[in-house]
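Read the numbers this way: they start at 1 and go in the same order the structure lists the ligands and their atoms.
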Amino acid sequence: MLTVHQTPAIVLTTRASSDIEADLLVFPVFEDDTLADEADLNAASGGEVAAARARGEITGKVSGLFITAVRGWKASRVALVGVGPRKDVTPDRLRRAATIGALAARQRRLTSIAIVHRPGTSVDAPGAAQVLAEGAVLANFDGAAYRTTDPPRVWLETVQLRVGGESAAVARASERGRVLGECTNLSRALSNEPGNTLTPKVFAERAVGIATDAGLAVEILDETRIADLKMGLLLGVARGSQEPPRLVVLRHEPPQAATGGERRAATRQPVLGLIGKGVTFDTGGISIKPADDMDRMKDDMSGGAAVLCAMAAISRLKAPVRCVAVIPMTENMPGGRAFKPGDVLTSAEGKTVEVLNTDAEGRLILGDAIWYARQLGATHLVDIATLTGSCIVALGKTATGLFGTPDEWVAQVRRAGDRAGERSWPMPVFDDYKELFKSEIADFANTGGRAGGAITAALFLKEFSGDLPWVHMDIAGTAWADQAAPHQPKGATGVGVRTLAELALDGQLFGS
Ligand code: BES
Ligand code: MN
Ligand code: ZN
C-alpha cells in the first residue's frame with residue numbers, strides 16, 4: 001500500500017508578498033475585488049492579472065482558479081482562487097480556497113506554497129489560520145493506495161500562512177487546523193481501505209496504532225470479551241462472518257479535568273461519549289444487497305473511523321473535556337451461521353430485538369455500543385453512522401442528518417459542524433413513530449418499513465441511550481463523494497472528524 005497522505009510543515013509569515021519564498025503564492029480573490037491591498041501583483045505578473053480580469057477569466061466566483069507567473073518576486077507563480085463576494089466570505093470558503101490552491105500546486109509538482117489571508121472579510125486572523133492550515137493539509141491526500149503504475153507522488157512539504165498578525169492565538173489556531181486536517185486524512189484513508197485489507201481485526205489494530213500515537217488510552221475487546229458482556233446484537237451481526245468482531249474503547253482524560261480550585265466531584269464531571277459504526281463491509285447479510293454499488297459498502301465503518309480520528313485530534317489538541325469512545329467492528333455477511341430474518345437477539349442491556357431485515361445491522365451493533373458507553377460513564381452521547389439510505393433521500397449527499405434530544409444538545413453539535421465546515425441539518429425524532437417498528441414477539445423490531453426510515457432508525461438507537469442527552473449523526477450521504485469536486489477527491493470524505501473534535505474543543509457540554 002502506498003502512502004496516501006502526508007502532513008506538511010505549517011509556518012507563519014508576516015512578509016510582504018514580494019518577499020515570500022515559495023513555489024506558489026495563493027490569494028483568495030473576491031467577486032468585487034480591486035486587489036488594492038496587493039498593488040504590486042499586477043506589475044509582477046507583467047499585466048496578466050489585469051488582462052485576465054478584463055477578459056473575465058478572473059471573476060472571483062467560488063472555486064474559480066487562475067495561475068500566472070510573477071517576476072521580481074521571490075515566489076515564481078501566483079494562484080488566484082475565487083471565494084465569492086467579499087461580504088459573504090466564510091471560514092469554509094477560505095478552507096476550500098486553500099485546498100484548491102494547494103491541489104493546484106501538487107498537480108504542477110510544486111512542493112512549497114504560501115497562502116495569504118486578504119483583509120476586509122469577517123474572518124479574523126486566528127480563524128483564517130485554522131481553516132487555511134486545514135484546507136492545505138486536506139489537499140495533501142491521494143487515495144489511490146494500490147495503484148502501482150503512477151509516477152511518484154508529489155507532496156506539499158511547506159505551507160506558509162500570512163493571516164495579518166502573528167500571535168499565540170494564531171499559532172495555536174494553525175496547529176489546530178493542521179491536526180484537524182491530518183486526522184481527517186487519516187479517517188479518509190481508513191474508509192477508502194477495501195474490506196479485504198481492513199477487516200475488524202485489522203481495523204482494531206490500526207485503532208491501537210493511531211490511539212497510541214495520539215496519547216490515548218486504548219483497549220480492544222475480542223469476541224470472548226464481547227460474549228462475556230452478552231452483546232447479543234453485535235454478536236448476532238458478526239455470526240455470518242469468518243472474521244471475528246472487535247470492540248475498541250478509547251479514553252481521553254484531559255490534564256485539566258481533575259485539577260484547579262473549582263474542582264467538581266469526578267462523578268459530576270461531564271463525559272462525552274462517542275460511538276461510531278464500524279461495519280468493515282456490509283453485504284446486507286441474508287437480506288443481501290443488490291450487486292450494483294455494493295463495493296461502496298467498504299466505507300460502512302466511516303462512523304467508527306470518524307470517532308477514532310476525532311479522538312486522536314481531541315487528545316493531540318488537549319481538549320478540556322473527558323471523552324470515552326466505543327467503536328463496534330464487524331462484517332455483515334451471509335453464510336451458514338449468519339443471523340436470519342425472524343431471529344430474536346438479546347442486547348447486552350437485556351432488551352430483545354426481532355430482526356426483520358439483516359441489512360439493518362448498523363442500529364443493532366450501535367445499540368450494544370451506546371449502552372456500553374453509558375456503562376463507561378458517558379453523560380452526553382453522540383453516535384455517528386452510515387446508517388440509512390433513507391437519510392440520503394431526505395437530505396441529499398452534502399448534509400449530515402442530525403437526530404437527538406434535547407434540542408439544545410442537537411444545536412450544540414450542529415454549531416460544531418458549522419465551524420468544522422461539515423454541514424448538518426436537524427431531523428425529527430417523533431416518539432409515536434416507534435409504532436412503526438413494533439414486534440409481535442420481542443421488545444421491538446429492527447426495521448420500521450420504508451416511510452420515515454431514517455427517523456425510525458434513530459428512534460431505535462434512542463432506545464439504548466438511557467435518556468441521556470443524545471445525538472445521532474447519519475452520514476450515509478456525506479461519508480462518500482460519488483464525484484470529485486474542486487476541493488475534494490472522489491471517495492471517502494472523512495466527515496465527522498472535525499465536527500466531533502470541535503465539539504470536544506468547546507469545553508462546555510450542554511447543561512454542564
Ligand atoms: N450501510 C447501510 C446504509 C447505507 C446505504 C449507507 C447506502 C450508505 C449508502 C445500512 O446498513 C443499510 O443497509 N440500511 C438499510 C436499512 C433498511 C434495511 C431498513 C437501508 O438504508 O436501506
Ligand atoms: Mn446494512
Ligand atoms: Zn450498514
Side-chain angles (χ1 to χ4, degrees), residues 191-192 195 198 200 203 233-234 236-241 245 275-306 327-334 338-343 353-367 369 383-401 403 427 433-434 436-439 444-461 472-483 490-493 495-496:
S191 293
N192 278 337
L198 197 88
F203 190 13
L233 302 184
L234 175 55
V237 173
R239 277 184 67 91
S241 174
I275 303 99
K277 172 177 174 181
V279 173
T280 59
F281 196 83
D282 181 14
T283 65
I286 296 298
S287 315
I288 199 161
K289 289 180 180 293
D292 277 356
D293 294 328
M294 201 206 273
D295 57 293
R296 196 214 130 166
M297 284 299 128
K298 69 179 184 178
D299 88 328
D300 212 19
M301 34 54 71
S302 293
I327 309 169
M329 301 171 176
T330 180
E331 286 187 332
N332 185 23
M333 298 287 285
F339 75 139
K340 304 171 291 298
D343 285 1
V353 181
E354 182 184 12
V355 176
L356 295 183
N357 189 320
T358 63
D359 198 10
E361 85 296 345
R363 66 196 75 182
L364 293 172
I365 69 171
L366 288 169
D383 77 73
I384 176 164
T386 45
L387 203 65
T388 67
S390 171
C391 189
I392 313 179
V393 175
L395 291 175
K397 289 282 299 167
T398 58
T400 292
F403 305 76
M427 296 279 286
Y433 281 25
K434 267 176 66 177
L436 296 170
F437 57 99
K438 274 195 319 210
S439 164
F444 36 82
N446 78 328
T447 60
R450 275 171 59 83
I455 301 172
T456 48
L459 277 167
F460 182 98
L461 299 179
H472 157 58
M473 300 172 66
D474 194 331
I475 55 167
T478 48
W480 190 264
D482 292 331
Q483 266 143 10
K490 200 168 159 166
T493 61
V495 72

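- Given atom 15 (C) of ligand 1, the protein heavy atom at minimum distance is D359 O, 4.1 Å.
- No more than 12 heavy atoms of other residues, nucleotides or ligands sit less than 6.0 Å from atom CG of D293.
- Formation of a donor-acceptor pair under 3.5 Å by the T493 side chain with backbone atoms of A479 is found in this model.
- The contact set between ligand 1 and R296, taken as ligand atoms under 4.0 Å from a residue heavy atom, comprises 8 (C), 9 (C).
- Annotation: T447 places no N or O atom under 3.5 Å from an N or O atom of ligand 1; distance criterion only.
- Ring geometry for F444 against F437 counts as perpendicular: the plane angle is over 60°, on a 0 to 90° scale with 30° as the lower cut.
- If you check each of A479, A476, C391 against atom 6 (C) of ligand 1, the one with the closest non-hydrogen atom is A476.
- The proximity of K277 to ligand 1, defined as any non-hydrogen pair under 4.0 Å, is limited to the side chain.
- For atom 2 (C) of ligand 1, the closest non-hydrogen atom of the protein is D282 OD2, 3.7 Å.
- One N or O on the side chain of K397 and one on the backbone of G477 form a donor-acceptor pair closer than 3.5 Å.
- A donor-acceptor pair is defined here as one N or O able to donate and one able to accept, closer than 3.5 Å; no such pair exists between the side chain of T283 and the backbone of I288.
- Side-chain N/O atoms of S302 and S191 include a donor and acceptor closer than 3.5 Å.
- E361 has its closest N, O or S atom to the Mn ion (ligand 2) at the position named OE1.
- S439 places no side-chain N or O within 3.5 Å of a backbone atom of E354 that could act as its donor or acceptor partner.
- Environment of NZ in K434: sparse, with no more than 12 heavy atoms of neighbouring residues, nucleotides or ligands closer than 6.0 Å.
- Side-chain contact annotation: T386 with D300, donor-acceptor N/O pair under 3.5 Å present.
- For I392, the closest heavy-atom approach to ligand 1 falls below 4.0 Å.
- Panel note: side chain D383, backbone I275; no donor-acceptor pair is recorded below 3.5 Å.
- Protein heavy atom nearest atom 22 (O) of ligand 1, with residue, atom name and distance: G389 N, 4.4 Å.
- In this structure, R363 is part of the shell of residues with a heavy atom less than 4.0 angstrom from ligand 1.
- Among protein heavy atoms, atom 1 (N) of ligand 1 sits closest to D300 OD1, 2.9 Å.
- With D282 contributing its side chain and N332 its backbone, the two residues share no donor-acceptor pair below 3.5 Å.
- The main-chain N or O of N446 is found under 3.5 Å from a side-chain atom of R363 such that the two form a donor-acceptor pair.
- In summary, D282 places an N/O/S atom under 2.8 Å from the Mn ion (ligand 2), meeting the contact criterion.
- When the options E361, M297, R450 are ranked by their closest heavy atom to atom 11 (O) of ligand 1, first place goes to E361.
- Residue E361 approaches the Zn ion (ligand 3) most closely through its N/O/S atom OE2.
- Metal site remark for the Zn ion (ligand 3): V279 contributes no N, O or S atom at a distance under 2.8 Å.
- The option with the heavy atom closest to atom 10 (C) of ligand 1, from among T388, L387, T478, is L387.
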Practice prompt. For K298 and D295, run salt bridge (Lys or Arg N to Asp or Glu O under 4.0 Å): C-alpha distance rounded to whole Å, both residues' side-chain angles, the deciding distance at 0.1 Å, then the answer.
Written response: CA-CA 6 Å; K298 69 179 184 178; D295 57 293; over 6 Å; no

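- On a distance-only criterion, S390 and ligand 1 share no N/O pair closer than 3.5 Å.
- The N, O or S atom of D300 lying closest to the Zn ion (ligand 3) is OD2.
- For D282, the N/O/S atom at the shortest distance from the Zn ion (ligand 3) is named OD2.
- Any N or O atom pair closer than 3.5 Å counts here, and G362 shares no such pair with ligand 1.
- Set against the non-hydrogen atoms of T386, the atoms of ligand 1 under 4.0 Å away are 1 (N), 2 (C), 3 (C), 6 (C).
- Residue, atom and distance of the protein heavy atom nearest to atom 18 (C) of ligand 1 are N357 ND2, 3.5 Å.
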